[in-house]
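In what follows, a single structure is set out as structure tokens and then discussed.
Indexing begins at 1, ligand by ligand and atom by atom, following the structure's order. Sequence positions, counted from 1, serve as the residue numbers for this chain.
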Amino acid sequence: MTDTAHTEAAVSHSFGLLRLPDSIAFGDGARASIPTAVARLGQRALVVCDPFLASTAYFSELLEGLEALGVTATVDSHVVPELPVAEVEAAVERARAAAPDVVVGFGGGSALDLAKLVALGLAHGTPMNRFYGENLVPGPVLPLVAVPTTSGTGSEVTPVAVLADPERELKVGISSPHLIPRAAVVDPRLTVGAPPSVTASSGADALVHAIEAYTAQPRTPEWGSQLPVFVGRNLLSSSLALEAIGLIGRSLRRAVEHGDDFEARAEMSYASLLAGMAFGTAGTHLSHAIQYPVGALTHTPHGVGTGMMLPYVLRAILPTDAARLAEIGQALGVGGGSAEEAAEAAVREITDLMHSIGLPRGLASMGVAESDLEHVVELSLTVRRLVANSNLEPTEENLQRIVRAAYRGEHQELAASAATAHESETRA
Ligand SMILES: NC(=O)c1ccc[n+]([C@@H]2O[C@H](COP(=O)([O-])OP(=O)(O)OC[C@H]3O[C@@H](n4cnc5c(N)ncnc54)[C@H](O)[C@@H]3O)[C@@H](O)[C@H]2O)c1
Ligand SMILES: [Fe+2]
């Protein structure tokens with residue numbers, strides 16, 4: 001089959017779905033468009049800003065720009081890492097006094113998620129636990145303008161916000177198309193000061209978003225009913241994801257090692273935006289499911305956990321998803337040979353990339369004890385939305401294999417056992 005015939009066959013048997021902000025502005029200098037985007041949506045803005053960014057010239061410029069357009073701004077820079085629910089609800093109470101009609105999020109994923117949650121709380125009240133899960137937000141939230149300063153979570157375009165609740169062992173997500181910001185302004189200049197560790201963890205997470213969106217399970221949507229928030233991989237999300245993978249492959253190392261390399265920063269900003277657009281409908285899967293309990297146990301950044309897990313997850317899906325992984329290899333500029341060889345090369349390249357930006361090599365080096373592994377598997381399996389979104393059967397046995405290999409930090413051993421399992425499945 002020629003490439004064209006292959007593509008046509010795929011299109012006729014597949015589907016596409018994207019849900020996005022009304023406007024997305026990307027580019028050096030795009031930050032100058034924030035005040036106009038805000039003024040289109042309201043006259044009293046609540047600006048939720050990362051505490052570090054609040055002290056920068058970029059932020060002063062933003063406030064001046066808003067004032068020039070007659071927009072009253074109230075600033076809340078009390079962004080507590082991990083977003084404990086009590087802090088989120090306190091931010092909603094503080095916001096009520098300002099009675100905003102538009103919310104601006106300016107910062108990393110934590111600031112953007114807090115902005116989303118405050119917009120939700122102002123529109124539909126608290127407590128927040130009524131909204132945990134999928135499609136439980138009853139209607140539109142306050143209009144949001146999202147401006148990321150890391151590359152990134154993609155939160156500027158996604159329908160999800162993540163927070164911590166002491167009554168739950170794992171962090172919880174609130175997912176709803178109503179949480180998609182109305183406008184996203186992505187200016188790579190704002191990311192230039194991000195320290196190497198933040199650049200590495202958030203950049204690794206962007207790669208995991210793109211790869212997990214690309215390898216998510218294809219499902220046929222029930223068009224006539226309310227669709228789930230995450231519908232699996234599809235034509236539109238896959239194009240964006242593949243583009244993001246190529247860009248991250250060539251610019252993440254440079255962005256970590258040379259923070260002032262503006263070309264690398266711009267490519268990472270753009271890629272993280274594309275990856276967010278892709279996983280916003282396709283969803284992510286196993287690296288994210290396993291990061292939830294790992295993050296809870298080790299208090300390590302989200303992207304460190306998802307990025308560390310990615311090579312182990314890819315090894316596990318390689319026997320059933322070789323063609324897909326070979327395409328990822330092609331985007332990364334490695335491969336050749338059979339689909340299996342190209343897929344192998346892709347996994348090796350991704351493993352090297354994660355190590356070269358300083359991510360831990362396995363669960364043990366992240367501080368997880370062997371006696372925790374059963375519990376990690378058990379809890380990962382409870383994140384159904386994520387474990388059910390991969391091509392791998394979400395069984396305890398499969399999760400055990402991935403988590404045990406990640407504990408030992410031995411990719412090869414998992415590869416060997418996955419190949420054996422596949423052979424015996426094929427023989428059966
Ligand atoms: N909503 C989503 O779609 C989504 C997706 C993935 C992750 N997340 C969430 O996002 C959070 C992680 O976000 P993150 O990785 O962007 O980190 P972050 O927002 O937690 O910020 C990390 C640190 O970087 C600093 N920082 C941010 N931008 C900077 C800049 N330009 N210069 C200097 N310092 C800067 C912050 O002050 C902070 O100290 C997690 O809570 C995770 O759960 C959300
Ligand atoms: Fe993520």
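In this model, a donor atom of one side chain and an acceptor atom of the other lie less than 3.5 Å apart for T199 and R265. Side-chain atoms of N234 and R219 include no donor-acceptor pair closer than 3.5 Å.
Residue V198 has at least one heavy-atom neighbour below 4.0 Å for each of these atoms of ligand 1: 23 (C), 24 (O). Applying the 4.0 Å criterion to heavy atoms of F279 picks out, from ligand 1, the atoms 3 (O). Applying the 4.0 Å criterion to heavy atoms of D113 picks out, from ligand 1, the atoms 1 (N), 2 (C), 8 (N), 9 (C), 44 (C). Each of the atoms 5 (C), 6 (C) of ligand 1 lies under 4.0 Å from some heavy atom of H209. Close approach of ligand 1 to D205 (heavy-atom distance below 4.0 Å) involves ligand atoms 6 (C), 7 (C). For ligand 1, the atoms sitting less than 4.0 Å from at least one non-hydrogen atom of P195 are 33 (C), 34 (N), numbered in the order shown with element in parentheses. Using a 4.0 Å cut-off to heavy atoms of G108, the atoms of ligand 1 that qualify are 16 (O), 19 (O). Near D50, the atoms of ligand 1 lying under 4.0 angstrom from a non-hydrogen atom of the residue are 36 (C), 37 (O).
For the pair L53 and ligand 1, a heavy-atom separation below 4.0 Å is found.
Looking only at protein heavy atoms, the nearest one to atom 2 (C) of ligand 1 is T158 OG1, 3.6 Å. Counting protein heavy atoms only, atom 15 (O) of ligand 1 is closest to S202 CB, 3.6 Å.
Look at R348 and E344 and you find a salt bridge, because one of the NZ, NE, NH1 or NH2 atoms lies within 4.0 Å of a carboxylate O, short of that distance. Using a 4.0 Å cut-off between a side-chain N of Lys or Arg and a carboxylate O of Asp or Glu, R404 and E374 qualify as a salt bridge.
Which of K171, E82, Q291 comes nearest to atom 40 (C) of ligand 1 through a heavy atom is settled by distance: it is K171. Nearest to atom 27 (C) of ligand 1 by heavy-atom distance, out of T150, T153, L190, V304, is T150.
Between T281 and R19, the shortest heavy-atom distance links the atoms CG2-N, 3.5 Å. Across all non-hydrogen atoms, the minimal contact from A73 to V47 is CB-CG2, 4.2 Å. For P159 against L179, the heavy-atom pair with the smallest separation is O-CB, 3.8 Å. For G203 against M268, the heavy-atom pair with the smallest separation is CA-CE, 3.7 Å. The minimum heavy-atom distance between V160 and K116, with the atom names listed, is O-NZ, 2.8 Å. Taking every heavy atom of both residues into account, T150 and G108 meet most closely at OG1-CA, 3.7 Å.
When only interatomic distances are considered, the shortest N/O to N/O separation between T191 and ligand 1 does not fall below 3.5 Å. Residue contacts with ligand 1: H302 is placed with no nitrogen or oxygen under 3.5 Å of a nitrogen or oxygen of the ligand (distance criterion only).
The distance cut-off of 2.8 Å around the Fe ion (ligand 2) captures these protein N, O or S atoms, sorted by chain and number: D205 OD1, D205 OD2, H209 NE2, H288 NE2, H302 NE2.
When the side-chain contact (heavy atoms from CB on, under 4.5 Å) test is applied to E67, no partner is found at least two apart in sequence or on another chain.
With a 6.0 Å cutoff to the six-membered ring centre and a 45° limit on the axis angle, R31 does not count as a cation-pi contact of Y58.
F230 and F279 have parallel rings, their planes meeting at less than 30° on a 0 to 90° scale where 60° marks the start of perpendicular.
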